[in-house]
Amino acid sequence: MKQLAGYNIPLHQEVISDFIYHIRKHLQSKGLQYEFTVAPEVVLRNEDFKVGYIIPDISVKKRENSWNQPEMIIEVTRNRSWNSDIKKVRKAIKEVRSLKEVFVFNIEESECWRITKPDFDEEDGNCFSDVLRFDLKNCLRG
């Protein structure tokens, strides 16, 4: 059976797992575990999309909302997918009303990049999540 190149490599899956673990740990430590929920690779089909759907590596949503209404998404990428993942999250934050911020983490360069609403500000190196009130760099292993 042929696999997709790059997406199921163990390091990619480990980093996704680390993000989910540390986000859940943060939510629990702040008493927010009943306000937000986090999951990997949930299909995001939304009436806001002009065409199609996306499957973010990680989605964070308010517990009472559907998975089609995430507050935040995270993409974990490598150098060769960096530009296409940035394009993917730009489209998502512009078209999905519920999204407040999106992140792309490059695991080869240890870089992060984000866009926030309402102004669609793009920032290199800022890993602080306004939604979670948490620096996502804390999710990455040393």
Side-chain angles (χ1 to χ4, degrees), residues 1-46 48-63 65-142:
M1 181 199 282
K2 189 173 180 180
Q3 293 183 340
L4 294 173
Y7 293 103
N8 239 351
I9 63 170
L11 178 59
H12 185 259
Q13 298 306 317
E14 287 175 29
V15 172
I16 290 171
S17 177
D18 286 347
F19 271 108
I20 292 169
Y21 171 77
H22 288 288
I23 289 170
R24 285 185 174 160
K25 190 174 164 184
H26 167 73
L27 292 173
Q28 187 171 9
S29 75
K30 299 296 182 186
L32 299 172
Q33 70 270 27
Y34 300 111
E35 185 174 346
F36 292 99
T37 188
V38 58
E41 299 175 351
V42 175
V43 175
L44 171 54
R45 286 186 209 280
N46 192 301
D48 297 335
F49 276 128
K50 291 179 177 78
V51 178
Y53 62 92
I54 65 166
I55 304 173
D57 288 327
I58 301 163
S59 297
V60 177
K61 71 172 188 77
K62 293 275 190 169
R63 191 166 290 276
N65 291 347
S66 82
W67 283 108
N68 290 321
Q69 298 171 305
E71 300 268 317
M72 178 178 99
I73 60 173
I74 301 170
E75 281 297 314
V76 175
T77 193
R78 299 185 321 172
N79 288 336
R80 70 178 187 204
S81 304
W82 178 256
N83 290 329
S84 63
D85 282 335
I86 286 177
K87 184 178 175 181
K88 174 181 175 178
V89 299
R90 275 186 183 136
K91 174 182 169 36
I93 199 161
K94 287 178 181 168
E95 294 187 9
V96 179
R97 285 176 286 206
S98 63
L99 275 175
K100 293 184 170 94
E101 59 190 356
V102 297
F103 292 87
V104 178
F105 283 84
N106 183 328
I107 57 178
E108 290 177 335
E109 302 293 332
S110 297
E111 294 178 352
C112 72
W113 179 89
R114 79 174 190 162
I115 305 175
T116 57
K117 279 184 182 169
D119 300 324
F120 299 99
D121 292 330
E122 296 185 16
E123 299 176 272
D124 279 326
N126 187 348
C127 300
F128 188 81
S129 168
D130 294 329
V131 168
L132 299 176
R133 308 298 307 155
F134 180 60
D135 192 337
L136 294 173
K137 278 187 183 173
N138 294 325
C139 298
L140 302 174
R141 292 186 197 171

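Because the structure is a prediction, the values reported are computed rather than measured.
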Would Ile54 and Val89 satisfy side-chain contact (heavy atoms from CB on, under 4.5 Å), going step by step from the backbone distance to the final call? CA-CA 9 Å; Ile54 65 166; Val89 299; over 6 Å; no
Verdict with reasoning, Ile16 to Ile58, per side-chain contact (heavy atoms from CB on, under 4.5 Å): CA-CA 7 Å; Ile16 290 171; Ile58 301 163; 4.0 Å; yes
Can Asp18 and Leu140 be said to form a side-chain contact (heavy atoms from CB on, under 4.5 Å), step by step? CA-CA 7 Å; Asp18 286 347; Leu140 302 174; 5.9 Å; no
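Two residues are said to be in side-chain contact when any heavy atoms from C-beta on lie closer than 4.5 Å; Trp82 and Glu111 meet this criterion. By the 4.5 Å heavy-atom criterion applied to side chains, Val60 and Ile73 are not counted as neighbours. For the pair Val104/Ile74, no side-chain contact is recorded, criterion being any heavy-atom separation below 4.5 Å from C-beta on. In this structure, the side chains of Trp113 and Phe105 stay at 4.5 Å or more apart for every pair of heavy atoms. Side-chain contact check for Val38 versus Phe19: every heavy-atom pair is 4.5 Å or farther apart. With a 4.5 Å cut-off on side-chain heavy atoms, Pro56 and Glu41 do not count as touching. At a threshold of 4.5 Å between non-hydrogen side-chain atoms, the residues Glu71 and Phe36 count as touching.
Here CG of Leu27 is found 9.0 Å from CZ of Arg63. Values are rounded to the nearest 0.5 Å. Taken to the nearest 0.5 Å, the CD atom of Glu101 stands 8.5 Å off from the CZ atom of Phe128. Taking OG of Ser129 as the start and CD1 of Ile23 as the end, the distance is 7.5 Å to the nearest 0.5 Å. If you take CD1 on Ile107 and CZ on Arg78, they are separated by 6.5 Å, rounding to the nearest 0.5 Å.
In terms of heavy-atom proximity, Ile115 sits nearest to Ile93 at O-CD1, 3.5 Å. Contact between Lys61 and Ser66 at its shortest, heavy atoms only, is CD-O, 3.4 Å. Taking every heavy atom of both residues into account, Asn126 and Phe103 meet most closely at O-CE2, 3.8 Å.
Phe120 CZ: more than 12 foreign heavy atoms inside a 6.0 Å radius. Within 6.0 Å of NZ on Lys94 lie no more than 12 heavy atoms contributed by other residues, nucleotides or ligands.
The pair Glu75-Lys88 meets the salt-bridge criterion, since a charged nitrogen lies less than 4.0 angstrom from a carboxylate oxygen.
Considering Val43, Leu44, Thr37 in turn, Thr37 is the only one that fulfils the side-chain contact (heavy atoms from CB on, under 4.5 Å) rule with Trp67.
Residue pairs meeting the salt bridge (charged side-chain N to carboxylate O under 4.0 Å, His left out) criterion with at least one member in residues 124-134, sequence neighbours excluded: Arg114-Asp130, Asp130-Arg133. Among residue pairs with one or both ends in residues 24-36, those qualifying as salt bridge (charged side-chain N to carboxylate O under 4.0 Å, His left out) are Glu35-Lys62; sequence neighbours excluded.
Counting only distance, with no hydrogens or angles, the side chain of Ser84 and the backbone of Ser81 share a donor-acceptor pair below 3.5 Å. Asp57 places a side-chain N or O within donor-acceptor distance of the main-chain N or O of Val76, the cut-off being under 3.5 Å. Using a distance-only test at 3.5 Å, with no hydrogens or angles considered, no donor-acceptor pair links the side chain of Lys100 to the main chain of Val131. Judged purely by atom type and a 3.5 angstrom limit, Asn138 uses its side chain to pair as donor or acceptor with the backbone of Asp135.
Remark: Arg45 engages no residue in a side chain to side chain donor-acceptor pair (under 3.5 Å) (not counting sequence neighbours). Every residue two or more places apart in sequence or in another chain that forms a side-chain contact (heavy atoms from CB on, under 4.5 Å) with Asn79 is listed here: Asn106, Glu108, Glu109. For Ser98, the side-chain contact (heavy atoms from CB on, under 4.5 Å) test picks out Gln69, Pro70, Val96, with sequence neighbours left out. By the salt bridge (charged side-chain N to carboxylate O under 4.0 Å, His left out) test, Asp121 is found to be paired with no residue, residues two or more places apart in sequence or in another chain being considered.
Under the 30°/60° scheme for interplanar angles, the aromatic rings of Phe134 and His26 are found to lie parallel.
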